[in-house]
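Below is one structure, written out as structure tokens; comments come after it.
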Amino acid sequence: MTKYKTINPTTLDEALETLNGCNVMPIAGGTDLLVKFYEVYGKSLPKLVVLDGLIPLHEIKTENDRISLGPLVTFSEIENSPELRKAAPQLVQAASVAGSVQIRNRATIGGNIANGSPSGDLIPPLYVLNAELELSSVNGRRSIPIDKFFKGPGITVLEKNELITSISFDKTFENGFFLRLATRKALAISKVSVAANYSMQNGTITNVRIALGAVAPTVIRAPRTEEYLSGKELNDNVLSTAAKLIKEEAKPISDIRSIADYRREMVGVLLKRGLNGIPQSE
Amino acid sequence: MKLDFVLNNKRVSINVKGGLRLIDLLREQLDLVGTKEGCGKGECGACTVLLDGKPVCSCLILASQVRNREVTTIEGLSIEGEMHPAQEAFTETGAVQCGFCSPGLLLSTVALLNENPEPSREQIRRALSGNLCRCTGYEKIFEAVELASRRINGLSVQNDKV
């Protein structure tokens, strides 16, 4: 029998007040935290501040062309949102391939970000959507672009007493994709992932934003490849050059999930597949 | 803490440590041992229960997280001793061998069929991809889901291989 100590706030103020104390830690879906909780914290387990009761943090809100997601919105809710399917296709694609049904029904967008894993599947889509995070604590609120949030694997700028309270971005009216490679289709962590957002006008590609997951200490953008592609007609030559360029921009390591060379090679493959409109096999 | 929730269609109000895992609350305090613990890490799906009708891993949920919500376990699938069509189909096709994964697989199946009464083979595979079975090789399980689907939809099952 496994028992943790919990605190169950029902308002955001109460939650932030609690998080301002010692040896406490917020828990959202728990699908990542509870897996390694004992291994990481041993006998001095922090008290868990259960966020489920904070109803407003579960909402998906739209104001004109801006969408804001509460941090407790689950992967399943993203996957099944007709609005997000149109307004953030790459985010929906990422949410629908991560974990399993059971995990997606509990795992949250806020948890995926706060974990700070370079392989977190929702993060590359949020990079190419230029998402903005709102961080709150008893001392007030601050806003930070997603690409300034991560410092390294598992390391973020989130202070101990802070919560991510919203994730917002402009609806994209452009094209987007998210593709990943993992050991199996379900329940596997990405070895490599590529997300993009771009426009096609008269056969040429513009406004290109590309982000790579699991090939650097944090999710990264691929600025040289973006610049190269911008204004080009998408033909085999252009795609091959772009694939070569993006391999140079990836900085992968070899670890338990894959080796560096394979990851670097696959970044190029996934970019080509994505721009050719080949979907993720599910 | 005092915990109120609905368990298998009955209101439950008990005193419980909020940090207890749901699977421990079910098995150790409420004696509902149909829910199995396999990996304890959300990988195997043996501990699957339905939370407001949706499959979740009960090893990764805390008791306080089901407050005022509805939990269905394998014990809640049959009604007055009548097995759910999915349970019948599982026994008939040979989808149950050692049986350890069956409660979880059945709950995932029931959630799928409630949402999508006529799933394709691909949709079945995807819906059950969070449940591991080490005995059957899955084929019999997929057949069982298809049989249950046909029965639920009132379609003829005379030409089945069963």
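Within every chain, numbering begins at 1; the chains are lettered A, B, ... in the order of the sequence lines, protein sequences first and strands thereafter.
Residue B:R11 places its CZ atom among 12 or fewer non-hydrogen atoms of other residues, nucleotides or ligands, all under 6.0 Å distant. Other residues, nucleotides and ligands contribute only 12 or fewer heavy atoms inside 6.0 Å of the CD atom of B:E115. Open room surrounds CZ on B:R125; 12 or fewer heavy atoms of other groups in view lie less than 6.0 Å from it. For B:K54, the NZ atom counts as loosely surrounded, since its 6.0 Å shell holds 12 or fewer non-hydrogen atoms of other residues, nucleotides or ligands. Taking a 6.0 Å sphere around CD of B:Q97, one finds it holds more than 12 heavy atoms contributed by other residues, nucleotides or ligands.
B:L132 CG to A:L187 CG: the interatomic distance, rounded to the nearest 0.5 Å, is 7.0 Å. If you take CZ on B:R126 and OG on A:S96, they are separated by 5.5 Å, rounding to the nearest 0.5 Å.
Within the 4.5 Å cutoff, the side chain of A:N8 has no heavy atoms near those of the B:Q65 side chain. Side-chain contact between B:S108 and A:V101: absent, with no pair of heavy atoms (C-beta onward) separated by less than 4.5 Å. The side-chain heavy atoms of A:I103 and B:L60, taken from C-beta on, include a pair separated by under 4.5 Å. Within the 4.5 Å cutoff, no side-chain heavy atoms of B:K17 are placed close to those of A:Y4.
Salt bridge status for A:K185 with B:E122: absent, with no side-chain N to carboxylate O gap under 4.0 Å.
For chain A, the nearby part of B:L51 is the side chain; its heavy atoms alone come within less than 4.5 Å. Contact of A:A188 with chain B is not made at all, since no heavy-atom distance falls under 4.5 Å.
Listed by sequence position, A:L48, A:V50, A:D52 are the residues of residues 45-61 of chain A in contact with chain B, using a 4.5 angstrom heavy-atom cutoff.
Interface remark: of the candidates B:G45, B:S64, B:G40, B:C57, B:S64 forms the most heavy-atom pairs closer than 4.5 Å to chain A. Comparing A:R184, A:K36, A:K5 by heavy-atom pairs within less than 4.5 Å of chain B, the highest count is held by A:R184. When B:A63, B:G42, B:G104, B:C39 are compared by the number of non-hydrogen pairs under 4.5 Å with chain A, B:G42 comes out ahead.
B:N131 and A:Q102 form a side-chain donor-acceptor contact under 3.5 Å, judged by distance and modelled atom types alone.
Not one N or O on the side chain of A:N105 forms a donor-acceptor pair closer than 3.5 Å with the backbone of B:V56.
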